[in-house]
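In this chain, residues are counted from 1 in sequence order. Everything quoted here is computed from the prediction, not taken from an experiment.
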Amino acid sequence: MNISRNEQRALHVLALGGRILHERGDGPKITSVMCVTREAMILADFDLTVFNRLRQKRLIESRSGGPYRISRRGRTFVRAQLDNQGA
């Protein structure tokens with residue numbers, strides 16, 4: 001499966017304990033998203049299009065209306081990074 005650089009970066013942040021905070025408008029549609037790292041820093045190049053692609057590929061999931069986190073399938077698609085120690 002082809003995963004873009006921005007998608008790979010977001011998956012890496014999520015694998016290290018990050019989460020995706022989402023807001024809904026008046027209806028059920030998600031209007032804005034923000035990817036937050038474990039250290040509460042915001043991933044700058046994460047937007048609604050990257051979020052929708054990750055969700056369509058089932059690499060992220062939300063349980064009980066909570067923040068989106070990496071799915072089991074998403075963990076298998078994360079490539080190794082140099083800073084994978086989580087520090």
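- In R73, the CZ atom is crowded: over 12 heavy atoms of neighbouring residues, nucleotides or ligands sit closer than 6.0 Å.
- Note on V36: it does not cluster hydrophobically with V78, by side-chain heavy-atom contacts below 4.5 Å among ILVMFWY residues.
- Judged purely by atom type and a 3.5 angstrom limit, S71 has no side-chain atom pairing as donor or acceptor with the backbone of E61.
- A continuous path of ILVMFWY side-chain contacts below 4.5 Å connects I60 to I3, so both sit in one hydrophobic cluster.
- In this structure a side-chain-to-backbone donor-acceptor pair under 3.5 Å is present from K57 to N2.
- Note: the hydrophobic cluster containing M34 does not contain Y68 (ILVMFWY, side chain heavy atoms under 4.5 Å, direct or indirect links).
- Side-chain atoms of D47 come within 3.5 Å of backbone N or O of V50 as a donor-acceptor pair.
- L59 and L48 end up in the same hydrophobic cluster when Ile, Leu, Val, Met, Phe, Trp and Tyr side chains are linked at under 4.5 Å.
- Using a cut-off of 4.0 Å between Lys/Arg side-chain N and Asp/Glu carboxylate O, E7 and R9 are scored as not salt-bridged.
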Task: Test log, rule side-chain contact (heavy atoms from CB on, under 4.5 Å), inputs I70 and F77 - done: CA-CA 10 Å; I70 192 167; F77 284 99; over 6 Å; no
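- Interatomic distance, NZ of K29 versus NE2 of H22, reported as 14.5 Å (0.5 Å rounding).
- Not a single donor-acceptor pair under 3.5 Å links the side chain of T37 to the backbone N or O of V13.
- A donor-acceptor contact shorter than 3.5 Å links the side chain of R38 to the backbone of L16.
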TODO: I would like to know whether N6 and S4 meet side-chain hydrogen bond (donor to acceptor under 3.5 Å, both in side chains); could you show each step before the answer?
DONE: CA-CA 5 Å; N6 289 340; S4 72; 5.5 Å; no
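- Within the 4.5 Å cutoff, no side-chain heavy atoms of E23 are placed close to those of V33.
- A heavy-atom distance below 4.5 Å is found between the side chains of L14 and I20.
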